[in-house]
Amino acid sequence: MRALTPARVGLGRTGAGLPTEALLDFTLDHARARDAVHAAFDTAGLIASLHALGLDPLQVSSRAPVRRDYLRRPDLGRMLDADSRRALAGRAEGACGLVLVIADGLSPAAVNLHAAGVTGQLLPLLSEAGIAAGHVVIASGARVALGDEIGEILKSRMVAVLIGERPGLSAPDSLGAYLTHDPRVGRSDAERNCVSNIHGSGLSSAEAAFKIAWLIRESLARGISGVALKDESSEAMAARLAKPV
Amino acid sequence: MAYRKAIDATSYVFDDLRDLLAKATPPRSGDRLAGIAAGSAEETIAARMALADLPLKQFLNEAVIPYEDDEVTRLIVDGHEAKAFAPVASLTVGAFRDWLLSDPATGEVLAQLAPGLMPEMAAAVSKLMRNQDLIQVAKKCEVTTRFRNTIGLRGRMSTRLQPNHPFDDIGGITASILDGLLLGSGDACIGINPASDDPAVIGGLLRRLDDIIVRFDIPTQGCVLTHVTTTLALIGQGYPVDLVFQSIAGTEAANRSFGVTLALLREAREAGLSLKRGTVGSNVMYFETGQGSALSANAHHGVDQQTLEARAYAVARVFDPLLVNSVVGFIGPEYLYDGKEIIRAGLEDHFCGKLLGAPLGVDVCYTNHAEADQDDMDNLLTLLAAAGVTFIMGVPGADDVMLNYQSTSFHDALYLRDLFGLGRAPEFDDWLVRMGLSGTDFRLSGNAGQLPDFAAKLIA
């Protein structure tokens, strides 16, 4: 029965209770999920990885720098602090195509593990499509919608936010990518496309990068994102994988 | 109308009933997020003191959301039964608390009172109550409902078997259902949250549920928790629908964000009733609610999340539901921050629901970004069983692998049955005996949990 589902079936019982092994398995998974939520965001490591890719990231913070505030006040995690606004405004030039935001979200652990890898896979696909990453921004204490304000200030046509997803017991280190055309404060979630479940036993960095690049290209070409833009990247990916190298 | 309370040199002013209720609420992150919480601990108590002096009748004069703006307010006001309200009509909110705790306020008396109570009255009195008061009064209330079995009888507690799977794999879902049945779970219903909203997938799940229930003659009901419009369409196509599910909230705008109106719910209930699939009763609706849903839809009108939750039960009760489920810790720490807030909210929801006459169960649960763990859930679970909760969830190992949160396990229900001597719905208990899964004392047989022949056939 256990082969049929990832659910915790067939655990056995001792009286009414869980056997010790099942109890400890569960608490280990919960401990990992808790650690993922409260992990430190390794911005120094991320900056080093991005430098190695030839990128020069900017750093910003939301108005929820303390984790406790971040968890209670999602509204503060969607707003840049004053220093970050000023710093970004100083860097804004003319209109740019794409801003890539790498944000801690609800699982800094996921970002520490997977964000640089996905970015490394993404850059060649973007340049193949003639899309330059105008700015790369590392955002702390961030919710998805913080990307709207960042993109607006930097006058970008599109923002891609790589962010740690809410950890589950089965995947504490899942990364998500949220893509928004014409980012502006107040955009709704229905106006974004999402590639989620990027982690060791989920979507690989290469698969994720392919989907993200496909969505960015289509979104910029059609001038839309969100429910109006359906993800049809699977067919394109199958075709590409079938091509002889 | 403004309300005032002076404490020493400080005079506290509350702009209106809505403000008074919000400030009197035990602390929780959702009300802070909404910017309506009290500014200090003393202000909270000043608000409670002013609330305690407020005549219950004031709720008939002052709506927290205007009558003209909100169909839920209209439902509450137009449906209020003055005759049922009469026994408490002269009381203040504080005196109402005293009366609820008193011996003359028996279960029978409270059942007769329910149609005379507005949800705001229930919410108001709950704000003056400690956890033990919420447990004590809820325990007196008995709300009984029927479809293929009888739910809510005194001394019994039911479970919804929740066999979710990350991509609705029918074999995986069946494995979880069997695991639950073998551990004596599933008398409230077998209810699947589908990952997909594709009607073809939902239809397949409905047929599988029907197949299992019919083949083994299980006195329970199936449900696939999809949007009510999807269920309506599938009823139209002849699919076997037992219970009609919908998430609901306490304001018209929040319900609109869920894609429902009261008229649509009425239509859905009629469609469910038309199938006549119940054998011992015709309570066909299954509702889910949760504090914070209106705020998250930006549809809270400045009203505190607990009062709005009570209004959701006022919506539920007019549709004679089989089950109403407060999914208390699912929404996340921005609404209920930690174990303490989740436990308090779970007890409030259960109390308010029962007092208003709704068959209230609780999904005792939390997410991984909340400050809570299994010990907090054990506490709430045990307190709710003491309070006579109608049903809880049964999820394999308490880990929902589709919705990614932690609920209660099949084992958790067994623990409560041992601790409090709680039976299941009587028809379901008899079935377990017939199948050899439990003895005549209704405790699971020693070999329960092993796959009997009937079960092996299903997944072969």
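Reckoned from all heavy atoms, side chains included, excluding hydrogens, waters and symmetry mates. Just so we're on the same page: letters track the sequence lines, and every chain starts at 1.
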Checking heavy-atom separations under 4.5 Å from chain A, one finds in residues 27-34 of chain B B:Ser29, B:Arg32, B:Leu33
Pair count under 4.5 Å, heavy atoms only, with chain A: among B:Phe410, B:Tyr337, B:Tyr335, highest is B:Tyr337
Value for OH (B:Tyr405) from CG (A:Leu169), rounded to nearest 0.5 Å, stands at 12.0 Å
Bottom line for B:Pro166: the part with an atom under 4.5 Å from chain A's heavy atoms is side chain
Separation between CG (B:Asp399) and CG (A:Asp25), nearest 0.5 Å, reads 11.0 Å
So, the part of A:Leu106 with a heavy atom under 4.5 Å from chain B: the answer is side chain
Are the side chains of A:Arg34 and B:Asp373 in touch, meaning some heavy atoms are under 4.5 Å apart?
-> no
Okay, B:Ser409 and chain A: the region with an atom under 4.5 Å from a heavy atom over there is neither
Assert top hit (heavy-atom pairs under 4.5 Å, partner chain A, pool B:Val395, B:Thr367, B:Asp400, B:Asp169) equals B:Thr367
Is it the case that atom CG in B:Asp197 sees more than 12 heavy atoms from other parts of the structure closer than 6.0 Å?
no
Assert top hit (heavy-atom pairs under 4.5 Å, partner chain A, pool B:Arg417, B:Arg443, B:His411, B:Glu334) equals B:His411
All heavy atoms of B:Tyr415 vs all of A:Ala16, minimum pair found to be N-CB, 3.5 Å
Under 4.5 Å to a heavy atom of chain B? For A:Ala7 that would be both
B:Ser176 vs A:Leu4, test: side-chain contact (heavy atoms from CB on, under 4.5 Å). Steps then yes/no.
CA-CA 9 Å; B:Ser176 288; A:Leu4 292 171; over 6 Å; no
Quiz item: B:Asn404 versus A:Ser170: any side-chain heavy-atom pair under 4.5 Å?
Solution: yes
Of all heavy-atom pairs linking B:His165 and A:Pro6, the shortest is NE2-CD, 3.6 Å
Next on the checklist: Counting C-beta onward and ignoring hydrogens, is there a side-chain heavy-atom pair between B:Asn368 and A:Arg166 closer than 4.5 Å?
Outcome noted: no
Whatever's closer than 4.5 Å to a heavy atom in chain A on B:Ala413 counts as neither
Is any side-chain heavy atom of B:Gln374 closer than 4.5 Å to a side-chain heavy atom of A:Thr27? no
Honestly, the part of B:Glu371 sitting under 4.5 Å from a heavy atom of chain A is both
Cut-off 4.5 Å, heavy atoms of chain B, and the answer for A:Arg2 is neither
Here the pair of heavy atoms bringing B:Ala175 nearest to A:Thr5 is CB-CG2, 4.1 Å
If one checks every heavy atom of B:Tyr366 against chain A at 4.5 Å, the contacting part turns out to be side chain
Ordered numerically, the heavy-atom neighbours of chain B under 4.5 Å found in residues 69-82 of chain A are A:Leu71, A:Arg72, A:Arg73, A:Pro74, A:Asp75
Residues at least two apart in sequence or cross-chain that pass ring-ring contact (aromatic ring centres under 6.0 Å, His included) with B:His369, listed by chain then number, are none
Okay, B:Leu403 and chain A: the region with an atom under 4.5 Å from a heavy atom over there is backbone
In this structure, CG of B:Leu182 is separated from CZ of A:Arg13 (nearest 0.5 Å) by 10.5 Å
Under a 4.5 Å heavy-atom criterion, the part of residues 375-384 of chain B in contact with chain A comprises none
